[in-house]
Every structure is written in C-alpha cells, then in structure tokens.
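For reference, the structure is listed below as structure tokens.
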Amino acid sequence: MTEQLPTTFNPAEIEARWYQHWEEKGLFRPERPDAEPFTIVNPPPNVTGSLHIGHALDNTLQDIVVRYERLRGKDALWVVGTDHAGIATQMVVERQLEERQDKRTNYSREEFVDKVWEWKAESGGTITGQLRRLGCSMDWSREQFTMDEHFTKAVLKTFVDLYNDGLIYRDKRLVNWDPKLKTAISDLEVESQNIPGHFWHFKYPLEDGVTLPDGRDYIEVATTRPETMLADMAVAVHPSDERYASVVGKHVVLPITGRKVPIITDEHADPELGSGAVKITPGHDFNDFEVGKRAGIAAGEMLNMLDGDANVCQTADGLVPEEYLGLHRFKRDGVSGARELVVQRLKEQGFLIPHITKTKKGETQELDAEPRTIATPFGDRGGVVIEPWLTDQWYVDAEKLAQKPIQQVKDGTIEIVPQSWEKTFFNWMENIQPWCISRQLWWGHRIPAWFGPKVGKDQKKASPVKINLRADSPPGQIKISTVEPSERVAFVAMTEAEAIAQAKEYYPDNFDVGVGEHDVGVPDMVRLIRDPDVLDTWFSSALWPFATLGWPNESDLLEKHFPNDLLISGFDILFFWDARMMMMGQYNMGKAPWPKLYLHGLVRAADGAKMSKSKGNVVDPLGLIDEYGADALRFFMAAMESQGRDIKMDNERVKGYRNFATKLWNATRFCQSNGIGASSTLAAPEARLAANQWIIGEVQQTVEALDAAMADLRFDAAANTIYQFTWSKFCDWYLELIKPVFAEGASETAATETREVAGWALDQIFVMLHPFMPFITEELWHAQGALNGPENGNPRSEYPIITAKWPNPRANVSKPATDAIDWVIELTSNVRSAKNELGIAPGAKLAAFLPSASELASSTIERSSAAIERLARLTPVTLGEAPDGPAMQVTAGGDVFVIPLEGIIDIAEEKARLKKALEASQKEAKSLEGRLGNANFVERAKPEAVEKAKADFAHHSAEAERLTAALARLG
RNA sequence: GGGCGUAUAGCUCAGUGGUAGAGCACUGUAUUGACAUUGCAGGGGUCGGAAGUUCAACUCUUCCUACGCCCA
C-alpha cells in the first residue's frame with residue numbers, strides 16, 4: 001500500500017487484511033516483559049453461539065480499553081475463549097438428533113459426549129471468527145475453553161476444596177426442576193412470567209363430624225394448582241385466625257385420595273387471602289416446603305406425586321387413584337392432565353365452590369374458578385413451567401462465600417461502575433440462597449464424587465453380608481445404583497484413585513473397593529459409582545479470571561495478570577457470572593478478581609423493544625459490518641455507551657460514523673496531495689506559525705480530554721472528543737487555515753513547518769482514534785508512513801499503529817498564537833453569518849475597515865492576512881475609519897469591523913439584522929442588570945459569579961450601545 | 001408488594017447550582033482540486049408536573065405522573 005490512496009474508502013477491502021496482519025505478527029500481545037500489565041478477560045461466549053449485537057457492544061468496549069492500554073505501553077492481555085455452555089450446547093446437539101428422528105438416549109453417554117465434541121469442532125469457530133471481524137485484539141494464541149484439560153483440573157480442585165471446607169454439600173430439598181430438560185436448574189435460571197390462570201376454591205371436609213363455629217363441616221381452601229392436592233399433607237391457617245382456632249389440631253379427609261391430614265397453624269397462611277386456609281403440599285411448592293419443615297415433616301417424608309417428566313406417579317402412601325397415574329401435571333398439547341381431572345372429579349363430588357361473577361350485561365354467571373394472573377416460573381432454556389421437585393442435589397454455601405465480596409464492594413476494593421448497580425448487588429448478595437450446582441446432563445464437568453453405600457459404625461467390623469443394603473444385590477457385592485440416595489456416602493476427590501483410597505479407609509478392612517456397575521464373581525467388594533451429574537456451567541466460568549491463566553498451577557503469567565484490571569460485562573450476568581467470579585476469586589486466590597467492574601446495558605431495537613428471535617427484531621452485527629464497516633459499528637457502540645442506559649439501535653447513526661471514517665480518509669488524501677506524510681517524532685514539532693501552534697494546542701487538549709474520559713470509562717465522551725477534534729477542528733478549520741501555505745509563491749519555510757505539523761497532528765488523530773476505529777487508522781497510518789518512510793530515516797513507519805505510542809505532545813504553544821487563530825475563526829464565522837442573513841453571496845470578497853484595532857487584531861491581520869482573506873473573504877482590511885455611507889458591522893472579540901455595503905445590499909435588511917442583535921443584547925444586559933442590582937446576589941454569590949456577571953453586563957451594554965450607534969448611522 | 005432506573009430540540013441522546021449542547025432529521029444556500037458519505041448558515045427546547053432549599057434550580061430535596069427493568 002503505497003503511492004496513492006483510492007478516492008473512496010472501502011472498509012471491507014482493508015479489514016480482513018489488517019486483522020490477519022495483526023494476528024499473524026502476534027501484535028495483539030507484543031513481547032513486553034518489563035511493562036506494567038493490563039489484563040481483561042473476555043466473558044466467554046457459548047462455544048456454539050454466534051455474534052449478536054450485545055457481544056458487539058461488550059467486545060467493542062473491551063477492545064477500546066485494551067487497545068488504549070496497549071498504546072500506552074502496557075503489557076496488555078485480553079484473555080479470550082469460549083464456554084462449553086452445558087444446557088445450551090447439549091440442547092443444540094439434541095435438537096440436531098431430533099431432526100434426524102434420533103435421540104440422545106439412543107447413545108451411551110460417551111458416544112453422545114463425543115458427538116458434542118464433534119459439533120464443537122465443527123461450529124466452535126463461528127463466534128471467534130466473528131469477533132475477529134469486529135476487530136477485537138484478543139490473545140488468540142492462548143485461546144481457552146472451559147473444558148480444556150487444565151480448566152477441568154481447576155474445576156475439580158475447586159469442587160474438592162469447597163467440599164472439604166464444608167462449602168459444598170449434598171442436600172435433599174426442593175429444586176427448580178425443568179421437566180423438559182429433565183434437570184435441576186438454579187434460581188437464576190428461572191424466569192417469572194405473569195400468565196393468565198385460575199384460582200379454584202374447594203371444600204376439604206372435616207373429619208368425624210367436626211364443624212366450624214358457623215356450622216360448616218368443611219374448610220374452604222383455594223389454589224392455583226389443584227393437581228398438587230394429590231400430595232397435600234396439611235391445611236394451614238394463621239395462628240391468630242379466630243375463625244379456625246377450634247379446629248386446629250383436628251384433621252380433614254382429602255377428597256380423591258382420602259388422606260387424613262392435620263390442620264396446622266403457620267404464619268405463611270394469609271388470613272386476607274381467600275378463606276384464610278391454605279392447602280400445604282411440601283413436596284411441590286417452595287413455601288409449603290418451609291411450612292412442612294416447620295411442622296416437623298422431614299424432607300424425606302414429604303410426599304412426591306410427580307416423576308421427572310412431571311407426570312403423576314404414585315405417592316409413598318399409595319393413595320393416588322389409578323386413573324391419575326401417568327397423566328401430565330396439567331393440560332399440554334391439547335390433552336387434559338391431572339389438574340383438569342382433579343377439578344372435574346371435585347366438581348362431580350360436590351367439593352368445588354364455584355366462582356360467582358357478573359357478566360358485562362349484569363347477568364350472574366357461575367365459573368369453576370376465578371380468573372387470575374399468576375406469576376409462573378419458567379426455565380430460561382427449556383421454556384416450560386418449572387416444577388418444584390424434591391431431589392438430592394449438590395449445593396454451594398453461597399451465603400458464606402458472598403460475605404467477602406459484599407465487604408469488598410462496600411469498602412471500595414471492588415468498584416462497580418456505574419455505582420447505581422451496587423444496591424442491586426447488595427440486595428441479591430445479602431439474600432443469597434444456596435446455589436444448586438448439579439445438573440442432570442451429560443455435557444459438562446462431571447461431578448468428582450463417587451458414591452458407595454453408607455455403613456453404620458456398628459457395621460464397620462461386620463461381615464460383607466451385613467452391609468448388603470438391598471436384597472437384590474448378591475451377597476458380598478454392593479451395587480450403589482440400587483442404594484437409596486439417603487443411604488449413600490460420597491467420596492469426593494480429584495481422581496478415581498483418590499476416591500477409592502478414601503473408600504478403603506471408610507469400609508471394613510476385609511473389603512476391596514472398585515468402581516463400576518457390574519461385578520461378576522468378586523466377593524467382598526464394594527462397587528463405587530461416580531455421580532452421573534455435571535456441574536452448572538457457571539461453576540466453571542466463575543474460575544475464568546485465573547483458570548485461564550493456568551491456575552491451579554503457579555506461573556509467571558498468573559502472577560503477573562491476576563488480579564485482572566477490569567471486568568466489562570452486561571448487567572444481565574451480574575449475578576450469573578460477575579458475583580460468582582468474586583466469590584471464587586476470593587475463595588481460590590484470596591483476592592478480588594478485579595478492582596473494577598463496568599456494567600453496560602442492553603442493545604435494544606430502534607423502537608426500544610428488547611431484541612429477540614421470537615419478535616424477529618434482531619439486528620445482526622455482521623450485516624452492519626458488511627454495510628458500514630467494523631470501524632463505524634464500533635464507533636457507534638462507543639459513542640452511544642453512556643453509563644447506566646441501554647442503547648437503542650440506530651442505523652442512521654452507524655452510517656454517520658461511516659461518513660466520519662470517509663471524512664478522515666479524504667483529509668488524509670488531501671494531506672498527501674500536499675506532501676504531508678508521517679511524523680517522525682512523538683513530541684510536537686517546533687512551530688512558529690500561529691495555525692500550527694493552534695492545532696498543536698488543540699491536540700494537547702484533546703489528548704487530555706480523551707485520557708480523562710477513558711479514566712472514567714466514559715466511552716461516549718471519549719468518542720465524541722476525538723470525533724469533534726477530527727472533524728470540527730482539524731478538517732473544518734486547520735486544513736482550511738493551512739491551504740494558503742501551499743499556494744504558489746508562498747514561503748517554503750512555512751510550507752515545510754506546516755507539513756511537519758500537519759503530518760504530526762494527523763498521526764495523533766490516528767493513534768487517538770485507533771482504539772475506536774482500528775482498521776482505517778492502521779491503513780492510513782501506513783499510507784502516511786509510505787510518504788515519509790524509512791528511506792528518510794523516519795523510524796515511525798517501521799511499526800504498525802496497533803503498537804504505536806500514545807500521544808505525548810509536550811508542546812509549549814504561545815497564547816497569543818492560539819488566540820489569534822481563535823480570533824480568525826470567530827471573525828470568519830461572524831462574517832459568514834452576517835452575509836447569509838443579508839443574502840450576500842458567500843464567496844463575495846468584501847473590503848473591511850477596522851477603526852480601532854486591538855493589539856491582537858492588528859498583529860493577526862499582519863501575520864495571517866492570507867487566512868483572513870481566504871476564510872473570512874475580507875480584502876483588503878484597512879486599519880482606519882470607513883468612508884461614510886451604508887455599512888454592516890461585524891465583530892471579532894472586541895474588534896468591530898465596518899464593511900461598506902453600498903450597492904451590495906438593501907440597507908433595510910442590515911437594519912433588521914442589527915435590530916435583532918440589539919434586542920438580544922438588551923435582553924441579556926437587562927437580565928444581568930437585575931441580578932447585579934440584587935444585593936443578595938452581590939453579597940452571597942460566589943465572587944467569580946459576580947465578576948462574570950459584571951463582565952457580561954459590560955460586554956452586553958457596550959454591544960447594545962454599539963449596535964444602537966450603528967443603527968443610527970444607517971438612518 | 002419491595003427495589004432500581006429513566007423523563008432535556010421532531011428523533012436518539014450528552015450535560016452543569018449561574019437562564020442549555022451533539023448527531024440525525026428539517027430550512028436556506030454553495031459546486032472547476034481532500035471530501036455531496038461534502039461545505040457554510042439557520043430554525044427549533046417554559047429541560048415530565050407540583051412544592052421546597054438557595055441570592056440563583058434543568059441541576060439538590062420531597063411528593064406526584066408516565067414508561068422501563070429487576071426481585072417477591
């Protein structure tokens with residue numbers, strides 16, 4: 001890429017080329033052993049996923065920070081990798097099998113897992129390729145996967161350590177069961193939705209002729225889930241509810257099952273809700289579970305009436321009638337379920353209390369149930385209603401692990417940006433529930449626990465036959481798969497061998513211990529079996545900040561890059577991922593994983609709706625890249641990212657930033673056509689000309705503003721700063737100001753200086769813009785380098801911009817010089833504006849008189865007459881009184897130019913213009929006068945505010961006077 | 001029911017205790033050499049409503065209204 005740039009900027013043409021160059025040359029992680037580290041870990045996307053607009057935002061922000069820090073000389077490491085995403089990935093592969101009329105259970109576990117690995121090999125590169133298209137400068141040489149061998153080691157170690165510390169335990173309690181995926185899920189994976197449903201009222205007859213004070217021989221209960229009455233174990237009333245005090249301790253006989261259940265008291269029963277009496281199904285409702293426990297029912301005794309598919313099964317007491325067995329819990333695919341049958345039977349038997357209501361026409365109507373909106377839990381992956389189900393699962397004691405992170409956020413060890421998220425964080429962390437981490441899936445990290453039969457102390461020395469817990473096991477051989485969970489003991493270890501060793505310690509000396517289901521002819525042997533479940537995906541990704549760096553092995557890499565410096569994530573995974581990294585970071589590493597957590601919002605559709613596949617309003621970032629270029633999309637994301645707000649998609653704005661890239665492209669072409677090439681110094685060149693000093697000063701201010709914005713992670717402010725500088729200062733003013741320097745016959749010294757300064761300023765733009773728009777800046781950087789390259793001894797063109805140096809102008813610009821340019825700019829704008837209002841052709845050159853010139857004016861007119869002529873189109877400018885006759889007045893600073901208008905314009909129009917300006921000044925002056933006349937203001941306001949008001953008043957009064965005089969002169 | 005957030009120009013959004021800004025859109029205008037993916041100029045806002053604090057409120061406080069999100 002030398003010689004000439006094409007006349008139009010084509011993003012697609014340069015993007016692939018530069019990305020490949022960076023990656024091949026290892027530029028995303030240049031060797032900087034002595035440099036200060038800077039580390040970000042990428043939230044690992046699902047391995048089989050593809051890039052959506054949220055990834056585009058998340059990764060753009062991270063790349064901006066990483067490129068910025070790399071340019072500032074740090075050893076910047078952006079860890080990248082993918083997540084095995086247990087449920088999501090298994091679902092994808094199962095769906096593929098379904099399409100071929102096949103299913104998972106047609107295969108062995110090993111065969112199926114192999115299929116998932118095959119699928120990963122096939123499609124795992126999709127999203128990583130897409131991240132490259134976005135320009136993300138991650139360290140691909142160390143790409144990670146949460147099921148890499150070393151990662152698995154980290155996961156197992158964490159599990160074993162937590163278990164040994166009592167922070168992981170097995171418990172029988174209600175879990176959120178997804179009957180479609182047939183696995184337990186955590187609280188976070190449950191989404192509550194309000195859906196229309198019903199509230200049924202039933203009569204539960206009192207036993208043995210007992211009656212309520214009002215004579216009724218039944219208790220009325222209401223429920224939204226009638227089918228669960230098959231497993232009801234009590235009726236609860238509030239302890240202070242007088243209506244039922246006389247029957248507490250008595251029993252009701254449940255319709256259908258005939259089960260006798262007690263009437264108990266519990267705070268959970270709300271006297272205001274329905275009849276005040278509530279049916280209690282401890283095995284299928286979270287609240288009832290707690291009520292049941294308080295009533296002294298152990299988890300193991302709680303009745304269960306559903307199987308893993310949420311079909312009715314027989315309860316332990318065998319009281320569920322035959323006709324219910326096998327029915328689904330409720331109507332599904334048009335087929336009635338247990339719910340419908342229960343309602344039908346109760347109605348037939350007279351136990352249903354109808355809901356009486358009036359129609360719109362005022363007629364009384366009788367319904368089976370009261371219509372009601374019900375907050376219903378759904379699995380976020382499976383999409384079906386979650387069933388609270390009593391099972392044995394592994395839990396993390398999240399409450400204990402949460403304590404240190406809570407404190408760290410409170411004491412500032414971890415800063416959450418924007419801070420408003422702290423409250424949400426505390427609210428969740430301070431009420432955190434045990435974290436269910438076991439999943440009944442095949443794809444994932446298998447839990448390192450091996451079960452064997454529990455042995456009582458007295459059995460320790462007994463013969464093998466006596467610890468044979470089940471009749472169907474041959475003597476001396478114990479198959480754990482036939483042992484009730486409550487009769488199992490777990491050996492938790494990193495390896496099978498360690499688990500066996502533990503087991504040998506546990507079992508009587510004369511026992512041998514092995515692993516596996518079957519055993520033929522080996523007596524006196526305990527067969528352990530590994531827990532078939534896998535861990536919640538988030539259990540492994542919680543280790544991401546250090547397991548990706550090699551932990552638990554110690555290394556320089558880990559030492560240098562942990563803790564990380566910053567985490568950027570969407571607020572939607574604050575609890576799923578961020579909080580758990582805090583817990584695991586603290587537990588495993590003894591430290592917070594990063595000192596700062598930046599949370600960004602969601603990218604929404606143009607109408608503000610959440611994007612979703614079902615709504616069909618998903619915007620594909622790759623499509624935007626194809627249309628406008630990756631640089632434009634990235635700049636859009638940055639410019640729109642203000643803290644604490646979601647981003648609404650706006651294609652027009654992306655287009656605007658594509659235009660911005662084109663603007664820079666053309667500005668560079670202009671520079672090249674005037675012999676302006678690459679800079680050769682990091683510091684600003686020596687400059688004498690005012691325009692050059694001015695742009696150097698502006699660069700300096702821009703760098704400062706940009707650094708300030710980046711320090712605060714104000715991506716919008718950073719993007720707008722570089723945008724405004726490039727377009728409004730550099731292109732609109734500086735390039736226009738220097739055009740005369742390259743005119744024929746102009747000073748060669750001035751041209752040389754200007755080439756140096758312009759080339760330098762352009763390079764500073766490239767570097768400052770590079771984190772936001774890496775592709776075009778790299779392209780133009782090299783194009784400029786080709787113009788003033790190594791053949792001239794310029795070292796700058798030997799390295800790419802990605803590893804260039806962040807601007808450090810160290811310039812000393814003179815105030816009179818920059819003031820002069822600001823003055824020219826003001827004069828030019830005012831002249832243009834006046835001409836426009838008076839309908840004078842913009843190109844018309846006008847003579848101007850300056851009756852009393854300030855020092856700034858006279859020296860600027862002398863030194864920068866070419867710029868004044870070219871931009872303000874005033875020529876000649878005479879220092880002195882204007883001849884009599886109609887004229888317009890234009891100001892710059894305190895200087896008033898008189899521009900004769902004879903023959904050019906209608907005097908009336910100038911008078912109108914002056915009058916408008918006069919009114920504005922008078923209004924301002926009057927308001928300021930009023931304020932200054934207020935003693936309270938003068939006495940109590942800050943002195944600088946008073947000073948400013950005085951100065952403004954003086955200015956506006958003088959302006960009004962001047963305008964009045966000018967008007968008078970026009971007659 | 002609890003918590004959080006938002007409300008500023010037609011649209012999308014910044015913003016500060018001293019009477020408001022950007023981009024897009026709109027209006028007018030310019031076109032022989034960087035750029036029409038452009039230049040120049042302009043119109044447009046009682047900063048959601050009410051009360052309070054203050055010399056001064058778009059900004060701070062309280063309440064209200066609307067919308068959105070999270071949790072139960």
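Below, chain A is the first sequence line, B the second, and so on; all start at residue 1.
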Whole-Å [atom1] distance, [N] and [M]:
{"N": "B/A22", "M": "B/G44", "atom1": "P", "answer": "14 Å"}
{"N": "B/G48", "M": "B/U8", "atom1": "C1'", "answer": "10 Å"}
{"N": "B/U38", "M": "B/A25", "atom1": "P", "answer": "9 Å"}
{"N": "B/C70", "M": "B/G18", "atom1": "P", "answer": "36 Å"}
{"N": "B/A50", "M": "B/G42", "atom1": "P", "answer": "33 Å"}
{"N": "B/G15", "M": "B/G45", "atom1": "C1'", "answer": "14 Å"}
{"N": "B/A20", "M": "B/U16", "atom1": "C1'", "answer": "9 Å"}
{"N": "B/G5", "M": "B/C63", "atom1": "P", "answer": "13 Å"}

Aromatic A/Trp760 / basic A/Arg755 pairing, under 6.0 angstrom, 45° off normal: no

Hey, is [X] close enough to [Y] for a salt bridge, meaning N to O under 4.0 Å?
{"X": "A/Arg870", "Y": "A/Glu736", "result": "yes"}
{"X": "A/Glu370", "Y": "A/Arg372", "result": "yes"}
{"X": "A/Glu910", "Y": "A/Lys835", "result": "no"}
{"X": "A/Glu919", "Y": "A/Lys916", "result": "no"}
{"X": "A/Lys926", "Y": "A/Glu929", "result": "no"}
{"X": "A/Arg225", "Y": "A/Glu387", "result": "yes"}

Using atom types as modelled, flag every donor-acceptor pair under 3.5 Å from a side chain in residues 652-670 of chain A to any protein atom, sequence neighbours excluded.
residue  : atom : partner  : partner atom : Å
A/Arg653 : NE   : A/Tyr657 : OH           : 3.4
A/Thr662 : OG1  : A/Arg658 : O            : 3.1
A/Trp665 : NE1  : A/Pro6   : O            : 2.9
A/Asn666 : OD1  : A/Arg669 : NH1          : 2.7
A/Asn666 : ND2  : A/Thr662 : O            : 3.1
A/Thr668 : OG1  : A/Leu664 : O            : 2.8

Taking the minimum atom-to-atom distance to the side chain of [X], which one of [options] wins?
{"X": "A/Lys648", "options": "B/C35, B/C13, B/U19", "answer": "B/C13"}
{"X": "A/Glu652", "options": "B/C40, B/A34, B/C24", "answer": "B/C24"}
{"X": "A/Thr662", "options": "B/U37, B/G68, B/C35", "answer": "B/U37"}
{"X": "A/Ala667", "options": "B/A34, B/C40, B/U38", "answer": "B/A34"}
{"X": "A/Arg832", "options": "B/C40, B/C35, B/A14", "answer": "B/C40"}
{"X": "A/Ser927", "options": "B/U19, B/C13, B/G28", "answer": "B/U19"}
{"X": "A/Asp732", "options": "B/U6, B/U37, B/G39", "answer": "B/G39"}
{"X": "A/Lys916", "options": "B/G68, B/G43, B/U12", "answer": "B/G43"}
{"X": "A/Asp716", "options": "B/A14, B/C40, B/G23", "answer": "B/A14"}
{"X": "A/Arg653", "options": "B/A22, B/A34, B/A7", "answer": "B/A22"}

Could you state the atom-to-atom distance from [atom1] of [X] to [atom2] of [N] in whole Å?
{"X": "A/Phe426", "N": "B/G2", "atom1": "CZ", "atom2": "C1'", "answer": "18 Å"}
{"X": "A/Arg931", "N": "B/G18", "atom1": "CZ", "atom2": "P", "answer": "10 Å"}
{"X": "A/Leu188", "N": "B/C70", "atom1": "CG", "atom2": "C1'", "answer": "12 Å"}
{"X": "A/Ile432", "N": "B/A72", "atom1": "CD1", "atom2": "C1'", "answer": "16 Å"}
{"X": "A/Phe575", "N": "B/C71", "atom1": "CZ", "atom2": "C1'", "answer": "9 Å"}
{"X": "A/Tyr657", "N": "B/U37", "atom1": "OH", "atom2": "C1'", "answer": "15 Å"}
{"X": "A/Arg604", "N": "B/C69", "atom1": "CZ", "atom2": "C1'", "answer": "7 Å"}
{"X": "A/Asn836", "N": "B/G39", "atom1": "CG", "atom2": "C1'", "answer": "12 Å"}

[N] phosphate, OP1 or OP2: any side-chain N/O from [X] under 4.0 angstrom?
{"X": "A/Asn427", "N": "B/C4", "answer": "no"}
{"X": "A/Lys423", "N": "B/C4", "answer": "yes"}
{"X": "A/Trp727", "N": "B/G39", "answer": "yes"}
{"X": "A/Lys739", "N": "B/A34", "answer": "yes"}
{"X": "A/Arg645", "N": "B/A7", "answer": "yes"}

Under the side chain to side chain contact (heavy atoms under 4.5 Å, CB included) test, residues paired with A/Asp712 that sit two or more places apart: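 If we apply the side chain to side chain contact (heavy atoms under 4.5 Å, CB included) test to A/Asp712, skipping adjacent residues, the hits are A/Arg714.
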
Distance-only side-chain donor-acceptor flag, A/Glu924 / A/Ser927, under 3.5 Å: no

Between A/Gln784 and A/Gln672: side-chain donor-acceptor atoms closer than 3.5 Å: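 Yes, a side-chain donor-acceptor pair sits under 3.5 Å.
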
For [X], answer base if it contacts any base atom (sugar-phosphate contacts may also be present), sugar-phosphate if it contacts only those atoms, and nothing otherwise; contact means non-hydrogen atoms under 4.0 Å.
{"X": "A/Glu736", "answer": "base"}
{"X": "A/Cys731", "answer": "base"}
{"X": "A/Arg714", "answer": "sugar-phosphate"}
{"X": "A/Arg669", "answer": "sugar-phosphate"}

Which residue lies more 5' along RNA chain B, comparing A/Asp646 with A/Ser833 via nearest heavy atoms: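 Mapping each residue to its closest nucleotide by heavy atoms, the 5'-most match is A/Asp646.
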
Position toward the 5' end of RNA chain B (nearest nucleotide), A/Pro842 or A/Ala639: A/Ala639

Under the salt bridge (Lys or Arg N to Asp or Glu O under 4.0 Å) test, residues paired with A/Lys845 that sit two or more places apart: A/Glu869

Base-pair map of RNA chain B as dot-bracket, where | denotes pairing with a different strand and pairs are Watson-Crick or G-U under 3.5 Å: (((((((..((((....[..)))).(((((.......))))).....(((((..]....)))))))))))).

Sub-4.0 Å heavy-atom contacts from residues 933-948 of chain A onto RNA chain B, ordered by number: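 Of all residues in residues 933-948 of chain A, the ones placing a heavy atom under 4.0 Å from RNA chain B are A/Asn934, A/Asn936, A/Phe937, A/Arg940, A/Ala941, A/Lys942, A/Ala945.
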
For residues 719-730 of chain A, which side-chain donor-acceptor pairs fall under 3.5 Å, sequence neighbours excluded?
residue  : atom : partner  : partner atom : Å
A/Asn720 : ND2  : A/Asp716 : O            : 3.2
A/Thr721 : OG1  : A/Ala717 : O            : 2.6
A/Gln724 : OE1  : A/Ser728 : OG           : 3.0
A/Thr726 : OG1  : A/Ile722 : O            : 2.7
A/Lys729 : NZ   : A/Glu698 : OE1          : 3.4

